[in-house]
Amino acid sequence: FFRRIRQQLLIQNKFSKYLLYAIGEIILVVIGILIALQINNWNDTKKNALVEQNFFKEILDDIEKDRTEIDNIIDFYDNRIEQLGWLLKAIRHPNKKTEILEFGKHVEPLYYNIPPISYSSAYESAKSSGVFEKIKNKDLLKELTQYYTEYSEIEALLTSTLRIIETQLEPIMATIPENYLQTSSSTNVIAINQNDNNLFYSYISEIGDSRDIKIDLKSFLQKPEFENFIIGDMGRAFNCKATINLRLKFLSSIENDIKTYLND
C-alpha cells in the first residue's frame, strides 16, 4: 500500500510531496520502534520486578529459619549460664554438700556446643546467578549483604566455645573419673541430637561400675583452675548471648524493611 503511494508520487513527478511522505513514513517507523522498545522495557521491568519479589520472599523464608536457629542458640547459652551459675554456687559455698550425681547433671551440659548454621541459600544463589543486577532496591540489598557478611562473627563465637571445651574444660575434668555418669546426667543437656545423647547416657549407666572409686568432689570444686574456667566460660556465654541478641534485632529490622517494601 505504501509502496503504491510512493510510486504514484514519483510517476506524477510530485517530488516535494514524496519527500514529505518519506519523512512522515520515517517518523512512523521511528515511532513504531520507540513503542516496541517501550513495550520491551516494560516487559523487562515487569520481569525484573517479579524476580525481585520472588528473591525477597525467599529471603524472608531463610530469615524465618535464621530466627529459629538464633532462638536455639539463645536457649543454649541461657542453659549454659544456668549450669555455670549452679556450679559457681557449689564452689563458693563449700559447706553446702554437693552430691556427685547432681554435680554431673550440671557439669555435663558444658561439654556440648551448638554448631553454627546460617540459612543463606536464597542470597548465595541470587549472588551467583546475577539476580542482584535486577534488584531495584539497592539499599535493602546492601543491608542484606551486611547481614550475611557479619555472620562470620557469630560463627567465630560458636567455634570458640568448642575450642574452649577441648582446651580447658576437658583437661580439668580429666583429673577425676566420670563414674558419676547416669541416665539422669542428660537432664540439663541441650543438643541437636538429643535422642542420641539420651541413648548414650542410658548405655553408660547400664554398663555400671563395680570399682567403687570415690571422688573427692569437695577438693575438686576448690581447685582454682575449675573456678577460673567457670567464671571465664560464664563471661563468654554472656558475651555470646549479647552478640546473638544484636543479630536478632538486625534480623527483625531487615524482615520489617522487606515486608514494607513488598507491600509498597
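Every heavy atom of this structure was used, including side-chain atoms; hydrogens, water molecules and symmetry mates were not.
Using a 4.5 Å heavy-atom threshold, the side chains of E143 and D257 count as touching. Under the 4.5 Å side-chain criterion, counting only non-hydrogen atoms from C-beta, R80 is not in contact with C240. Side-chain contact between E225 and Q168 is absent, with no heavy atoms from C-beta onward closer than 4.5 Å. Here the side chains of D62 and S121 are in contact, with some heavy-atom distance below 4.5 Å.
Closest approach of K105 to Q83, counting heavy atoms only: O-OE1, 4.3 Å. In terms of heavy atoms, L84 sits closest to I230 at O-CG2, 3.5 Å. In plain terms, the two heavy atoms of K218 and P94 that are nearest each other are CE-O, 3.7 Å. Closest approach of S186 to T183, counting heavy atoms only: OG-O, 3.1 Å. Minimum interatomic distance between N113 and F76 (heavy atoms only, all atoms of both residues): CA-CZ, 3.7 Å. When all heavy atoms are compared, the tightest approach of L169 to L110 is CD2-O, 3.4 Å.
Looking at R236, its side chain never comes within 3.5 Å of a backbone N or O of L157 through a donor-acceptor pair. In this structure a side-chain-to-backbone donor-acceptor pair under 3.5 Å is missing from T159 to A156. With hydrogens and angles disregarded, no donor-acceptor distance shorter than 3.5 Å links the side chain of N79 to the backbone of D75. Checking side-chain atoms of N188 against main-chain N and O of E108 turns up no donor-acceptor pair under 3.5 Å. Between the side chain of D209 and the backbone N or O of N179, no donor-acceptor pair lies under 3.5 Å. Between the side chain of N263 and the backbone N or O of K259 there is at least one donor-acceptor pair closer than 3.5 Å. A donor-acceptor distance shorter than 3.5 angstrom exists from the side chain of K138 to the backbone of F132, with no hydrogens or angles considered. D233 places no side-chain N or O within donor-acceptor distance of the main-chain N or O of F229, the cut-off being under 3.5 Å.
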What verdict does the salt bridge (charged side-chain N to carboxylate O under 4.0 Å, His left out) test give for K65 and E69, after you've listed the backbone C-alpha separation in whole Å, the side-chain angles of each residue and the deciding distance to 0.1 Å?
CA-CA 6 Å; K65 294 174 184 176; E69 189 62 27; over 6 Å; no
Go through the steps to decide whether D66 and Y151 satisfy the test side-chain contact (heavy atoms from CB on, under 4.5 Å), and finish with yes or no. CA-CA 11 Å; D66 260 353; Y151 180 73; 5.8 Å; no
- Message: If you apply the rule salt bridge (charged side-chain N to carboxylate O under 4.0 Å, His left out), what do you find for K214 with D212, and how did you get there?
- Response: CA-CA 6 Å; K214 301 298 182 182; D212 195 28; 3.3 Å; yes
Does the pair R92 and E227 meet the rule for a side-chain contact (heavy atoms from CB on, under 4.5 Å), with working shown? CA-CA 9 Å; R92 297 283 178 88; E227 181 181 15; 2.6 Å; yes
Next item on the list: Begin from the C-alpha positions of I135 and F55 and carry the test side-chain contact (heavy atoms from CB on, under 4.5 Å) through to its verdict.
Entry: CA-CA 9 Å; I135 303 300; F55 166 70; 3.6 Å; yes
Pair F56, L140 - check side-chain contact (heavy atoms from CB on, under 4.5 Å), show working. CA-CA 10 Å; F56 282 124; L140 192 50; 3.6 Å; yes
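L246 is not connected to L251 by any chain of hydrophobic side-chain contacts under 4.5 Å among Ile, Leu, Val, Met, Phe, Trp and Tyr, and they are in different clusters. Each of I117 and L248 belongs to its own hydrophobic cluster when Ile, Leu, Val, Met, Phe, Trp and Tyr are linked at side-chain heavy-atom distances under 4.5 angstrom. Residue L50 is not grouped with residue L141 when hydrophobic side chains (ILVMFWY) are merged at heavy-atom distances under 4.5 angstrom, including chains of intermediate members. Hydrophobic clustering of Ile, Leu, Val, Met, Phe, Trp and Tyr side chains at less than 4.5 Å, counting indirect connections, unites I100 with Y111. A continuous path of Ile, Leu, Val, Met, Phe, Trp and Tyr side chains, each step under 4.5 Å between heavy atoms, connects I165 with I231, placing both in one hydrophobic cluster.
Distance check: K47 NZ to W42 CH2 gives 10.5 Å after rounding to the nearest 0.5 Å. Rounding to the nearest 0.5 angstrom, the gap separating the CE atom in M173 from the OG1 atom in T175 is 7.0 Å. Here the CD1-OG1 distance, from I63 to T68, works out to 12.0 Å after rounding to the nearest 0.5 Å. The line from CG of N245 to CD1 of I70 is 9.0 Å long, rounded to the nearest 0.5 Å. Considering CD of E124 and OG of S118, their distance stands at 8.5 Å, rounded to 0.5 Å. Taken to the nearest 0.5 Å, the OH atom of Y180 stands 9.5 Å off from the CG atom of L217.
Other residues, nucleotides and ligands place no more than 12 heavy atoms under 6.0 Å from the CZ atom of F238. For E166, the CD atom counts as densely surrounded, since its 6.0 Å shell holds more than 12 non-hydrogen atoms of other residues, nucleotides or ligands. Counted within 6.0 Å of NZ on K136, heavy atoms from surrounding residues, nucleotides or ligands total 12 or fewer; the atom is thus considered open. Within 6.0 Å of the NZ atom in K249, the count of heavy atoms belonging to other residues, nucleotides or ligands does not exceed 12.
Stacking of R247 on the aromatic ring of Y147 is recorded, both the 6.0 Å distance cut-off and the 45° axial limit being met.
The aromatic ring centres of Y119 and Y148 sit 6.0 Å or more apart.
Using cut-offs of 30° and 60° on the angle between ring planes, the pair Y201 and Y112 is tilted.
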